[in-house]
**Q** 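To start, I am sharing the structure in question, which I have written as structure tokens.
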Amino acid sequence: MALREAERLKVVLNHLDHPSVNIHTSFTSAENVSYHHPVAFKYTLDTDVLSPEQRLAYEENGFILIKNLVSEEDIDRFRNEFERICTRDVKIPGLVIMRDVSIAKSEFVQGEKAVTKLQDFQEDPELFRYCSLPQILKYVECFTGPNIMAMHTMLINKPPDTGKKTSRHPLHQDLHYFPFRPADRIVCAWTAMEKINQQNGCLVVLPGTHKGTLKEHVYPEWEGGVNKMYHGITDYNPNHPRVHLEMEKGDTVLFHPLLIHGSGMNHTEGFRKAISCHYASADCQYIDVKGSTQENISKEVEELARKRLGSETTLTFQDTWVFRGRLVQGDRTSL
Ligand SMILES: CCCCCCCCCC(=O)SCCNC(=O)CCNC(=O)[C@H](O)C(C)(C)COP(=O)(O)OP(=O)(O)OC[C@H]1O[C@@H](n2cnc3c(N)ncnc32)[C@H](O)[C@@H]1OP(=O)(O)O
Ligand SMILES: Nc1ncnc2c1ncn2[C@@H]1O[C@H](COP(=O)(O)OP(=O)(O)OP(=O)(O)O)[C@@H](O)[C@H]1O
Ligand SMILES: O=C(O)CCC(=O)C(=O)O
Ligand SMILES: [Fe+2]
Ligand SMILES: [Mg+2]
């Protein structure tokens, strides 16, 4: 999609107006871009929300980090609700409470300390507020367009590593889990609920890998065990630059579903918390994953559905997403 001449000029002029705009974690600065050729934007849409620098950075790197996007007050409310769920004060339909594989069989670990991840909190009004925050949707629209579905929700509570390295999340692409396209109209918002650094297992990204294709994902061969459905990519370039995304409470990263990322071990005593939502354009279409690299995850999800709902269930991988998805802006046109 080539930018029209006027748009291109706007980009250049905007840049000249703000030559010293400093974007955190930008690997492509506007200075490196030649304006003598039309700039083709593939991963972002025309809105007035992203600065030219932010837009170019997402195009080049597959992610942008927005400082201080979610208020301390909101994060504290999400944290309180998380505690209520862990102590079983509230029961939310559809919500999955996942324990770390290395403590899953322990009878001694209770409450919040046993929980590594909440998944599918779309029926919890308090946590789901995160997905509807206007300041997040404003950015999300730059990638999805105006019809926005919240497809997948998580609150990650990365536990102190037990010594088995199971607190790691292997390098992966989130698109592996999604039977809908186009990928460029999907985006993840991931917000730090506290200071997150390499010590407590921050996100690690391989900038630019969103330009590649979906890779094969399998369980990594890790001695200490791997959490359920934590598939990883084996075939990535080990020399590709890795960026550790250190973030403050409230900082939010928006990233493309093909961006290769993971998170390291939590070396601290605290439970490192983040909240996230994967959004997609409601205009996306479901695809058949049969015969593709996604067949393994689709079978695993369908098997889990049968375990939960009974062996006669005919729920497909796609169906599970139809049930999870919630409209947060515009019209539910397709998904
Ligand atoms: C559709 C996926 C959507 C993801 C899309 C976005 C990208 C996100 C990338 C990811 O996060 S991928 C990881 C997503 N993970 C999941 O969706 C897993 C969801 N978790 C579950 O379904 C349950 O927590 C689980 C089946 C693992 C445990 O269920 P239960 O609550 O029934 O636990 P229970 O204590 O009864 O244990 C049942 C068995 O599971 C084992 N188990 C428990 N927690 C485990 C764990 N974390 N990993 C592996 N196995 C686990 C447990 O040891 C036991 O084994 P045995 O049958 O041998 O006794
Ligand atoms: N040996 C490994 N094989 C495959 N993936 C790994 C391996 N070690 C780390 N990773 C993955 O690489 C990413 C970055 O990990 P990172 O180096 O930040 O942490 P770590 O290796 O777990 O711990 P440390 O903080 O000690 O380096 C994570 O997604 C992690 O799961
Ligand atoms: O470690 C995290 O917080 C993020 C893990 C992740 O990438 C995911 O669940 O898809
Ligand atoms: Fe992920
Ligand atoms: Mg390491």
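Order of appearance sets the numbers: ligands from 1, and atoms from 1 within every ligand. Remember, predicted model here, so these are calculated numbers, not experimental data. No hydrogens, no waters, no symmetry mates; every other heavy atom, side chains included, goes into these values.
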**Q** Is Glu194 salt-bridged to Lys273, going by a charged N under 4.0 Å from an acidic O?
**A** no
**Q** Heavy-atom contacts under 4.0 Å between Arg324 and ligand 1: side chain, backbone, both, or neither?
**A** side chain
**Q** Determine, for Glu295 against Lys299, whether the closest basic-nitrogen to carboxylate-oxygen distance falls under 4.0 angstrom.
**A** yes
**Q** Do Asp76 and Lys249 meet the salt-bridge criterion of a basic N to acidic O distance under 4.0 Å?
**A** yes
**Q** I'd like to know if Asp124 and Arg129 make a salt bridge, using a cut-off of under 4.0 Å between side-chain N and carboxylate O.
**A** no
**Q** Backbone or side chain, does His261 get an N/O/S atom under 2.8 Å to the Fe ion (ligand 4)?
**A** yes
**Q** Students often mix this up, so state it plainly: with edges at 30° and 60°, are the rings of Phe317 and Trp321 parallel, tilted or perpendicular?
**A** perpendicular
**Q** Can you name the atoms of ligand 1, numbered from 1 with element, that are less than 4.0 Å from a heavy atom of Arg99?
**A** 44 (N), 46 (C), 47 (N)
**Q** Answer yes or no: is there an ion pair linking Glu300 with Lys228, defined by an N-O contact shorter than 4.0 Å?
**A** yes
**Q** Answer with side chain, backbone, both or neither: which part of Lys165 has a heavy atom less than 4.0 angstrom from an atom of ligand 2?
**A** neither
**Q** Below a 4.0 angstrom heavy-atom separation, can you tell me which part of Gln119, side chain or backbone, both or neither, approaches ligand 1?
**A** side chain
**Q** Could you tell me if the ring centre of His152 sits under 6.0 Å from that of His278?
**A** yes
**Q** Counting from 1, what ligand 1 atoms have a heavy atom of Tyr230 closer than 4.0 Å?
**A** 13 (C)
**Q** Is it true that Ser51 and Arg55 share a donor-acceptor pair across their side chains at a distance under 3.5 Å?
**A** no
**Q** Before we go on, tell me: are the rings of His172 and His261 under 6.0 Å apart, centre to centre?
**A** yes
**Q** Between Asp283 and Arg185, does any side-chain N to carboxylate O distance fall below 4.0 Å?
**A** no
**Q** For Gln173, state whether at least one heavy atom is located under 4.0 Å from any atom of ligand 1.
**A** no
**Q** Just to check, does Pro220 reach to within less than 4.0 Å of ligand 2 when the distance is taken from its heavy atoms?
**A** no
**Q** Charged N to carboxylate O under 4.0 angstrom, Arg77 versus Glu81?
**A** no
**Q** Nearest to atom 49 (C) of ligand 1 by heavy atom, His231, His176, Lys228: which?
**A** Lys228
**Q** Evaluate the salt bridge (Lys or Arg N to Asp or Glu O under 4.0 Å) criterion for residues Arg79 and Asp74: first the C-alpha distance (whole Å), next the side-chain angles of each, then the deciding distance (0.1 Å), finally the verdict.
**A** CA-CA 9 Å; Arg79 197 192 167 99; Asp74 277 333; over 6 Å; no
**Q** With atom 24 (P) of ligand 2 as the reference point, say which of Met265, Gln198, His267, Arg168 has the nearest heavy atom.
**A** His267
**Q** Give the atom numbers and elements of ligand 2 that come within less than 4.0 Å of a heavy atom of Val204.
**A** 14 (C), 18 (O)
**Q** Could you tell me which N, O or S atom of Asp174 is nearest to the Fe ion (ligand 4)?
**A** OD1
**Q** Are Gln199 and ligand 2 in contact, using a heavy-atom cut-off of under 4.0 Å?
**A** no
**Q** Does some non-hydrogen atom of Lys117 fall short of 4.0 Å from ligand 1?
**A** yes
**Q** Run the numbers for me: atoms of ligand 1, each under 4.0 Å from some heavy atom of Arg308, listed by number.
**A** 21 (C), 22 (O), 23 (C), 29 (O)
**Q** I want to know whether Phe255 and Tyr58 have ring centres closer than 6.0 Å.
**A** no
**Q** Is it true that some N/O/S atom of His169, main chain or side chain, lies under 2.8 Å from the Fe ion (ligand 4)?
**A** no
**Q** Side chain, backbone, both or neither: which applies to Val301 and ligand 1 if a contact is any heavy-atom pair less than 4.0 Å apart?
**A** side chain
**Q** So do Arg332 and Met149 actually touch side chain to side chain, heavy atoms under 4.5 Å?
**A** yes
**Q** Is there a heavy atom of Arg242 sitting under 4.0 angstrom from any atom of ligand 2?
**A** yes
**Q** Quick one: do Lys138 and Glu141 make a salt bridge, cutoff under 4.0 Å?
**A** no
**Q** Is there a polar contact between ligand 1 and His278, counting only N or O atoms under 3.5 Å apart?
**A** no
**Q** What atoms in ligand 1 come closer than 4.0 Å to a heavy atom of His169?
**A** 10 (C), 11 (O)
**Q** Please confirm whether His261 approaches ligand 2 to less than 4.0 Å, judged on its heavy atoms.
**A** no
**Q** Report the part of Glu303 in contact with ligand 1, treating N, CA, C, O as backbone and CB onward as side chain, heavy atoms under 4.0 Å; options are side chain, backbone, both, neither.
**A** neither
**Q** Is the shortest side-chain N to carboxylate O distance from Glu126 to Arg84 below 4.0 Å?
**A** no
**Q** If you measure from the Lys or Arg side-chain nitrogens to the Asp or Glu carboxylate oxygens, is any gap between Glu223 and Lys164 under 4.0 Å?
**A** no
**Q** Report yes or no: does Lys307 have a heavy atom closer than 4.0 Å to ligand 1?
**A** no
**Q** Should the proximity of His152 to ligand 1, defined as any heavy atom under 4.0 Å, be assigned to the side chain, the backbone, both, or neither?
**A** side chain
**Q** Does only the side chain of Ile97 get under 4.0 Å from ligand 1, or the backbone, or both, or neither? Count heavy atoms.
**A** backbone
**Q** Taking the six-membered ring for Trp, are Tyr43 and His256 closer than 6.0 Å centroid to centroid?
**A** yes
**Q** Does ligand 2 have a heavy atom under 4.0 Å from the side chain of Cys202, from its backbone, from both, or from neither?
**A** neither
**Q** Using a strict cut-off of 4.0 Å, indicate which atoms of ligand 2 neighbour a heavy atom of His169.
**A** 28 (C), 29 (O), 30 (C), 31 (O)
**Q** For Pro170, take its heavy atoms, then give the atoms of ligand 2 lying under 4.0 Å from any of them.
**A** 29 (O), 31 (O)
**Q** Below 4.0 angstrom from a heavy atom of Gly262, which ligand 2 atoms are there? Numbered from 1 as shown, please.
**A** 29 (O)
**Q** Side chain, backbone, both or neither: which applies to Val96 and ligand 1 if a contact is any heavy-atom pair less than 4.0 Å apart?
**A** side chain
**Q** Under 4.0 Å from a heavy atom of Asn227: give me the atoms of ligand 1 that qualify, with their elements.
**A** 46 (C), 47 (N), 48 (N)
